[in-house]
Amino acid sequence: MNKINKIENISFIGIGNMGSAMAAHIIKSGFNLTLYDVNPAVCAKFVAQHGGKVAVSLADAGRDADAVITMLPNGKIVSDVMLGESGVASTLASGSVVIDMSTSAPVSTQKLAAALMPHGVTVVDAPVMGGVVFAKDATLDIMVAGDAAAVERVTPLLKCMGRSITDCGVTGSAHTLKALGNYINACAMINVVEAMTIGKKFGLDAKFMADALLPMINGRQHPLEKKIIPQILTRQFNTGMAMGFITKDLKIAVDTAQSIGAYAPLAGLTHALWAQAVEKFGGQLDQTVVAKLWEQATGVSLAVES
Ligand code: NAD
């Protein structure tokens with residue numbers, strides 16, 4: 001028979017920078033907590049500070065657990081920990097849930113879910129946005145995906161670690177969204193670094209540029225807020241700025257960088273992609289039509305019904 005639906009006994013695997021901060025909220029919220037980490041010192045330190053008990057092995061961590069949370073470096077390690085010889089799955093009872101809060105590859109999450117399904121164990125992916133500071137004050141933004149009933153069961157547990165829980169759909173969707181969020185942020189970060197190093201090389205002050213650029217690229221000027229949501233998803237394609245103008249502006253940035261010997265690989269690639277869109281669709285069309293370059297190549301539409 002399946003275990004009862006209530007989740008009380010939690011095993012937390014991976015007591016690192018994030019895991020230790022997150023596990024502390026679980027114990028504070030009144031759950032029974034068992035810890036495991038390949039480095040026993042981090043578990044001993046946690047128990048001395050917050051309480052809980054340490055599992056002597058992965059198999060021990062699976063025993064009696066209603067839910068097992070993993071906060072490990074990657075999905076390969078999560079799968080090894082679960083499915084390896086004498087791994088967590090060897091002792092997990094039918095009806096228990098595995099919640100992978102690591103940033104794992106969605107395909108490995110789907111494979112893990114398929115491997116555990118015959119044992120009656122459900123896998124939920126629940127990666128987090130926000131670093132150690134937000135883990136410490138339990139304001140992580142948690143994306144969650146998997147079987148709807150399992151997601152509902154684990155939501156009270158997730159709530160003690162985060163300020164928002166967003167259901168993304170089928171298994172692996174949350175891991176996909178998390179990776180895409182990090183991709184956007186990583187891209188935006190080097191984008192700003194590249195622009196500011198070009199500016200510095202030209203003679204602009206770094207602090208001055210940071211302050212002056214902030215209102216130009218943030219909030220109501222951010223592409224998601226200003227262009228993607230109101231113009232691309234709605235198919236309005238009507239910001240009032242032609243694609244040819246943006247392409248011309250990008251060329252100015254690229255030429256400026258080249259003329260002063262700045263390192264600007266992103267600017268070059270960005271200009272080439274916009275120039276490709278101009279050639280394909282026409283420079284007189286709205287700048288937001290650039291999205292069609294990606295939509296057509298990928299075979300999807302970002303259209304959203306109103
Ligand atoms: P970390 O390296 O500090 O912690 C990982 C822990 O896992 C370590 O304590 C390590 O000893 C343990 N571990 C490794 N292999 C193990 C195994 N086989 N069995 C048991 N324990 C094992 O990493 P972190 O910064 O806490 O990140 C964990 C996950 O969270 C990663 O997937 C990361 O991408 C994601 N993440 C991190 C941040 C952040 O700001 N650090 C933010 C969001 C998401």
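Hydrogens, waters and symmetry mates play no part in the numbers below; they use all other heavy atoms, side chains included. For ligands, and for the atoms within them, numbers begin at 1 and follow the listed sequence.
- Residues Ile246 and Met241 share a closest heavy-atom pair of CD1-CE, 3.7 Å.
- Closest heavy-atom approach to atom 5 (C) of ligand 1 among the candidates Lys76, Met101, Met71: Met71.
- The proximity of Val81 to ligand 1, defined as any non-hydrogen pair under 4.0 Å, is limited to the side chain.
- Remark: ligand 1 and Ser102 share no N or O pair separated by less than 3.5 Å (distance only, no angle test).
- At least one N/O-N/O distance between Val38 and ligand 1 falls below 3.5 Å.
- In terms of polar-atom proximity, Gly14 is not counted as a contact of ligand 1, lacking any N or O under 3.5 Å from an N or O of the ligand.
- The distance criterion of under 3.5 Å between nitrogen or oxygen atoms is met by Met18 with respect to ligand 1.
- Looking only at distances, a side-chain donor or acceptor of His222 sits under 3.5 Å from a matching main-chain atom of Leu224.
- Every N/O-N/O distance between Gly130 and ligand 1 stays at or above 3.5 Å.
- Distances between N or O atoms of Lys178 and those of ligand 1 include no value under 3.5 Å.
- Checking Asp125 against Thr109 by side-chain atom types alone, no donor-acceptor pair falls below 3.5 Å.
- In summary, the side chains of Thr239 and Gln287 do present a donor paired with an acceptor at a separation below 3.5 Å, with no hydrogens or angles considered.
- Atom 2 (O) of ligand 1 is not flagged as protein-proximal [any protein heavy atom, distance under 4.0 Å].
- Checking atom 19 (N) of ligand 1 against the protein gives a heavy-atom contact under 4.0 Å.
- For the pair Arg163 and Asp141, the salt-bridge criterion is met [side-chain N within less than 4.0 Å of a carboxylate O].
- At a heavy-atom cutoff of 4.0 Å, ligand 1 is contacted by both the backbone and the side chain of Pro73.
- Between Glu194 and Lys201, none of the side-chain N atoms (NZ, or NE/NH1/NH2) sits under 4.0 Å from a carboxylate O, so this pair counts as no salt bridge.
- Considering backbone and side-chain atoms together, Asn17 places an N or O closer than 3.5 Å to an N or O of ligand 1.
- Each of the following atoms of ligand 1 lies closer than 4.0 Å to a heavy atom of Gly131: 40 (O).
- To the nearest 0.5 Å, atom CD1 of residue Ile27 and atom SG of residue Cys160 are 11.0 Å apart.
- In this structure, of Asn74, Asn182, Leu72, the residue bringing a heavy atom nearest to atom 13 (N) of ligand 1 is Leu72.
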